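Contents: one structure, followed by commentary.
Only a predicted model underlies this, so the values are computations on that prediction, with no experimental measurement involved.
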Amino acid sequence: MDTYEKFIAIDYGVKRVGLAVCDPETHLVFPLCTLDRSVKKTFFENFSAILETQNPTALVLGLPFHDDGSPCITTSQVKNFAASLARRYPLPIYFMEELLSSFEAELEMKSFGVSAKKIKEKADQEAAVRILESFLASPKRNRHTPETIKQTAKEK
């Protein structure tokens, strides 16, 4: 386990972005917040404030694919978002492949009797929790950065 590393996970969405954070010593993962993306400037101001407060060592973006492993529209959007983050913040960025993290988070909250309003408020950050937990459980060799994704694509 990477003790003393603090990661913030991002569940990217066109309208909302869910964030989760891990404790740097125990790597227990907690939902952090959901940010609105409707105004780009406001989004990045809020995101910058969170980074300043949380002081992470790296960011982890959920990278979605179709059930068959092929890229979807959101795959490209997440890669573009990662490039935008890389231009703004001097932090390592990792991708964690994900499939249905938001859907699973919503289902689980429903099963616990959470109201539809609360589900809408919290689903994205709960999806980010799943992304970060998966990332932390994966071997380091399976952790992909934008550069390793590009290299893998060239090799194919």
Side-chain angles (χ1 to χ4, degrees), residues 1-67 71-138 142-146:
M1 183 181 295
D2 306 316
T3 54
Y4 307 113
E5 287 190 89
K6 185 175 187 178
F7 299 99
I8 288 183
I10 302 168
D11 179 53
Y12 172 86
V14 175
K15 295 179 182 178
R16 293 178 309 276
V17 171
L19 303 177
V21 65
C22 70
D23 177 271
E25 291 184 28
T26 64
H27 275 181
L28 292 175
V29 180
F30 304 96
L32 190 55
C33 66
T34 301
L35 297 176
D36 181 40
R37 282 194 23 122
S38 59
V39 179
K40 186 177 180 179
K41 182 179 182 223
T42 304
F43 168 79
F44 280 109
E45 286 171 355
N46 292 335
F47 189 73
S48 294
I50 288 167
L51 292 184
E52 190 174 312
T53 303
Q54 294 294 325
N55 196 26
T57 54
L59 303 175
V60 179
L61 275 87
L63 189 63
F65 290 93
H66 287 296
D67 291 349
C72 59
I73 290 173
T74 313
T75 308
S76 297
Q77 292 172 337
V78 168
K79 289 179 181 180
N80 291 337
F81 182 65
S84 181
L85 292 174
R87 285 190 300 274
R88 288 175 167 84
Y89 309 107
L91 289 169
I93 297 172
Y94 295 97
F95 290 123
M96 184 67 219
E97 291 185 17
E98 63 155 316
L99 181 65
L100 304 174
S101 59
S102 296
F103 177 74
E104 289 174 354
E106 289 175 18
L107 276 181
E108 184 175 323
M109 288 189 289
K110 243 183 225 179
S111 74
F112 289 131
V114 177
S115 71
K117 181 180 177 186
K118 276 284 187 209
I119 289 173
K120 186 175 181 178
E121 290 174 14
K122 303 289 184 183
D124 299 303
Q125 50 192 285
E126 290 296 334
V129 166
R130 285 173 166 64
I131 291 164
L132 191 49
E133 287 174 340
S134 296
F135 176 80
L136 293 171
S138 71
N142 292 345
R143 295 179 178 181
H144 301 292
T145 64

Review point. Is Asn55 close to Lys6 at the side-chain level, that is, under 4.5 Å between some pair of heavy atoms?
Key: no
**Study point:** Partner set under side chain to side chain contact (heavy atoms under 4.5 Å, CB included) for Pro56, not counting sequence neighbours
**Key:** Ile8, Leu51, Gln54, Leu59, Leu91
Exercise for review: Could I get the full list of side chain to side chain contact (heavy atoms under 4.5 Å, CB included) partners for Asp23, not counting sequence neighbours?
Suggested key: Glu25, Thr26, Phe30
Point to revise | Min side-chain heavy-atom separation Asp124-Val17 under 4.5 Å | key: no
**Study point:** Cys33 side, atom SG; Ile50 side, atom CD1 - distance, nearest 0.5 Å
**Key:** 3.5 Å
Exercise for review: Classify the angle between the aromatic ring planes of Phe7 and Tyr94 as parallel (below 30°), tilted (30 to 60°) or perpendicular (above 60°).
Suggested key: perpendicular
Exercise for review: Nearest 0.5 Å please: distance from the OG1 atom of Thr34 over to the CG atom of Asp11.
Suggested key: 8.5 Å
Check your understanding: Taking side chain as C-beta onward, heavy atoms only, is Val29 less than 4.5 Å from Arg130?
Key -> no
Exercise for review: Could I get the full list of side chain to side chain donor-acceptor pair (under 3.5 Å) partners for Thr57, not counting sequence neighbours?
Suggested key: none
Revision key, fill the gap. Across all chains, not counting sequence neighbours, the side chain to side chain contact (heavy atoms under 4.5 Å, CB included) partners of Ser134 are Met96
Check: residues 38-47 side-chain donor-acceptor pairs under 3.5 Å, at least two apart:
unit_1: Ser38; atom_1: OG; unit_2: Asp36; atom_2: OD2; d: 2.5
unit_1: Asn46; atom_1: ND2; unit_2: Thr42; atom_2: O; d: 3.3

Exercise for review: Return yes if some donor-acceptor pair links the side-chain N/O of His27 with the main-chain N/O of Ala137 below 3.5 Å, else return no.
Suggested key: no
Review point. Just how far is it from atom CG of Leu132 to atom CD1 of Ile10, taken to the nearest 0.5 Å?
Key: 10.5 Å
